[in-house]
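A short worksheet on the structure shown next.
Computation of the quantities below employed the complete heavy-atom set of this structure, encompassing side-chain atoms and omitting hydrogens, waters and symmetry-equivalent molecules.
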Amino acid sequence: MSSENHQKSSDGRVKIDNAVLNEKLRTWYPAAIGELSEVTETLKLAQEDIVDCDAEMDRLRSAYQAEMHRLSARREGLILCTEKLSGLLSPIRRLPDELLCLIFLDCCTENDMRNRKPGEALTLSSVCTRFRQLAISYPALWSNLKVLLPSEYEDIDDPETPIQDPGFLEEETKLTSLIQLYLDRSENRLLTLDLDID
């Protein structure tokens with residue numbers, strides 16, 4: 001075995017494709033006393049190369065995973081960006097405000113607030129800044145209400161009715177605030193109120 005086996009290079013310390021070693025393994029060649037220490041040293045270096053290979057593979061695996069994570073995050077960002085850019089091309093952006101308000105009015109014929117719903121006008125005003133500005137500036141959207149009161153209101157004079165229940169009071173406060181918001185935004189418009197008790 002030559003001394004080149006002991007030199008560490010970019011391929012490691014031990015030459016894998018060693019013709020001399022292969023030839024000796026093919027024959028019944030007994031290692032001479034002087035060669036035993038060289039074989040032992042080469043074996044040790046080969047084992048060190050294995051450790052180095054494992055470390056390099058781990059490094060490359062980590063680098064690969066980091067790069068994959070970076071590319072995946074970039075891809076997700078690009079998908080979000082394309083969705084936003086597509087939104088800019090949406091035909092609804094070209095509709096005049098007057099036409100949008102007519103569409104909104106058609107959607108808000110009830111403003112159904114039953115079962116903890118916020119009503120259509122409030123939902124529309126939460127879509128984007130333009131929808132919000134239009135909805136708030138158009139009182140007719142807020143003047144139709146459909147409200148379902150809890151059954152506790154039916155027996156409000158009965159001392160057994162759980163009016164003081166914290167859950168009931170919290171729901172009542174939310175509903176009252178929501179109705180007040182609609183009344184404020186409807187301004188001086190005539191109200192259409194559909195009131196029912198569960």
TODO: Would you please name every residue forming a side-chain hydrogen bond (donor to acceptor under 3.5 Å, both in side chains) with Thr192, sequence neighbours left out?
DONE: Asn144
TODO: Verify, without hydrogens or angle tests, whether Asn111 (side chain) and Ser143 (backbone) share a donor-acceptor contact under 3.5 angstrom.
DONE: no
Open item on the list: For a 4.5 angstrom cut-off between non-hydrogen side-chain atoms, does Leu60 reach Met57?
Closed with: no
Task: Reported CG-to-CD1 distance for the pair Asp184 and Ile179, which is rounded to 0.5 angstrom - done: 12.0 Å
Task: Pairwise distance OG1(Thr173) to CG(Leu178) - rounded to 0.5 angstrom - done: 12.5 Å
TODO: Please examine the side chains of Arg185 and Leu122, heavy atoms only from C-beta on, and report whether any two atoms are closer than 4.5 Å.
DONE: yes
Name the atoms and distances for all side-chain donor-acceptor pairs under 3.5 Å in residues 71-79, with sequence neighbours left out.
none

Task: Lys44: partners by side-chain contact (heavy atoms from CB on, under 4.5 Å), with sequence neighbours left out - done: Glu41, Glu48
TODO: First locate atom OG of Ser186, then atom CG of Leu191, and finally report the distance between them rounded to the nearest 0.5 Å.
DONE: 4.5 Å
Task: Leu141-Ile103 co-clustered via ILVMFWY side chain contacts under 4.5 Å - done: yes
Task: Main-chain N/O of Leu181 paired with Trp142 side-chain donor or acceptor, under 3.5 Å - done: no
Open item on the list: Using every non-hydrogen atom in the two residues, find where Ser125 and Arg132 come nearest and quote the distance to one decimal.
Closed with: O-CB, 3.1 Å
Identify each donor-acceptor pair in which a side-chain atom of residues 86-101 lies under 3.5 Å from a protein atom, sequence neighbours left out, and give them as a table.
| unit_1 | atom_1 | unit_2 | atom_2 | d |
| --- | --- | --- | --- | --- |
| Ser86 | OG | Thr82 | O | 2.8 |
| Arg93 | NE | Gly87 | O | 2.9 |
| Asp97 | OD1 | Arg130 | NE | 3.3 |
| Asp97 | OD1 | Arg130 | NH2 | 2.8 |

Open item on the list: Can you tell me how far apart CZ (Arg189) and OH (Tyr182) are? Round to the nearest 0.5 Å.
Closed with: 15.5 Å
Open item on the list: Within a 6.0 Å radius of atom CG on Leu190, are there more than 12 heavy atoms belonging to other residues, nucleotides or ligands?
Closed with: no
- [ ] Please identify each residue that fulfils salt bridge (charged side-chain N to carboxylate O under 4.0 Å, His left out) with Glu110, with sequence neighbours left out.
- [x] Lys146
Task: Distance, nearest 0.5 Å, that separates CG of Asp49 from CD of Glu56 - done: 12.0 Å
Task: Interatomic spacing from CD in Glu38 to CG in Leu45 - rounded to 0.5 Å - done: 10.5 Å
Task: Smallest separation among heavy atoms of Leu145 and Met113, with atom names - done: CD2-CE, 3.2 Å
Task: Partner residues of Gln133 under the side-chain hydrogen bond (donor to acceptor under 3.5 Å, both in side chains) criterion, sequence neighbours left out - done: none
